[in-house]
Structures are given as C-alpha cells and as structure tokens.
Amino acid sequence: MIPLFKEQVYEVTKLIPKGRVSTYGAIAKAVGYPNHSRHVGNAMGGCPKDVPAHRVISGSGKLSVPSFRERLEKEDVLVQENGKIKDFKKLFWNPLEEL
DNA sequence: GGGTTGACGGTTA
DNA sequence: ATAACCGCCAACC
C-alpha cells in the first residue's frame, strides 16, 4: 500500500519537540523518501493546524517561510536577520534518530 | 491522461 | 564565501 506522503510527513512533523527544528530533507528520509524534500514542503502548504510546520525549515538552516520567525522565537528558537536559525546545528532534531 | 508546480537539496561555477 | 543549475517525483490543475 502506498502511504500518502502528506500523512507520513505530518506524523513525523508532529514528533518534533518544542524548541527544536528539523528539515524537509530529514523528514523526507524519515518517511522513506530520501530525495523528496520538495514534497515535504509541498505537503506543509495545506497541513492541519496541529502540525508544527514552523519547526520545519530548509536544509540550509534558514526559514522557507519568514512568517514563522515569530513562532520560532516563541519557542526559544533564535532566528537571525538573514532568516537563518541560530545554532541550527544544535537545535536540529533528526527524526531518523528517533525512529 | 499529460504537463506544471513546488515551504528543497546537493553539486557545480 | 556566494550564486546558479539540475534533479527528484507526488499532488494538483
């Protein structure tokens, strides 16, 4: 059976701890599709509200959606002016390690 | 049923 | 260090 990417993606995204961030690529891998980072982001477009999409950023450590900066700061995640996450490497949460 | 889109990533200049 | 390019393929129109 073919699991819908979206659903899988949402599930993993919900697992991201508060104050941590993850990337599209990592999540894509986590659901078993290594090179489908785009689909992850694409799925986020219409994601339910219970999905912390603001914790999902691009692999470069910057926000794909600048609007989420406020949300992230609210969770103690510092965002630089250039849109990059401060200490992104430290805050990065790898779903693969959890699964 | 076919073509375009896309909240990306990695590689190459 | 930056910028541009190419590839990847499900979901949507």
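Just so we're on the same page: letters track the sequence lines, and every chain starts at 1.
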Whole angstroms only, please: what is the [atom1]-[atom2] distance between [X] and [N]?
| X | N | atom1 | atom2 | result |
| --- | --- | --- | --- | --- |
| L72(A) | dA7(B) | CG | C1' | 13 Å |
| H36(A) | dG10(B) | NE2 | P | 14 Å |
| Y10(A) | dA10(C) | OH | P | 16 Å |
| Q8(A) | dC9(C) | CD | P | 18 Å |
| N42(A) | dC8(C) | CG | P | 17 Å |
| Y33(A) | dG6(B) | OH | P | 23 Å |
| M44(A) | dA7(B) | CE | P | 13 Å |
| N35(A) | dC6(C) | CG | C1' | 13 Å |

Report task. For A53(A), answer base if it contacts any base atom (sugar-phosphate contacts may also be present), sugar-phosphate if it contacts only those atoms, and nothing otherwise; contact means non-hydrogen atoms under 4.0 Å. Result -> base
Practice task
Identify whether any heavy atom of G25(A) sits under 4.0 Å from a base atom; if not, whether one sits that close to sugar-phosphate; answer base, sugar-phosphate or nothing.
Solution key: sugar-phosphate
- With the side chain counted from C-beta on, respond yes when W93(A) and L15(A) share a heavy-atom pair under 4.5 Å apart, and no when they do not. yes
* Asked: Is R55(A) close to K18(A) at the side-chain level, that is, under 4.5 Å between some pair of heavy atoms?
  -> yes
Tested for side-chain contact (heavy atoms from CB on, under 4.5 Å) against F88(A), the lone hit among V77(A), T23(A), V79(A) is T23(A)
**N or O in side chain of K6(A) less than 4.0 angstrom from dA7(B) OP1/OP2** = no
Within the pair S58(A) and dA7(B), is there a side-chain N or O less than 4.0 Å away from OP1 or OP2?
-> no
Would Y24(A) and V12(A) show up in the same hydrophobic cluster when neighbours are defined by side-chain heavy atoms closer than 4.5 Å?
yes
The answer to which of I57(A) and H39(A) contacts DNA chain B further toward the 5' end, by nearest nucleotide, is H39(A)
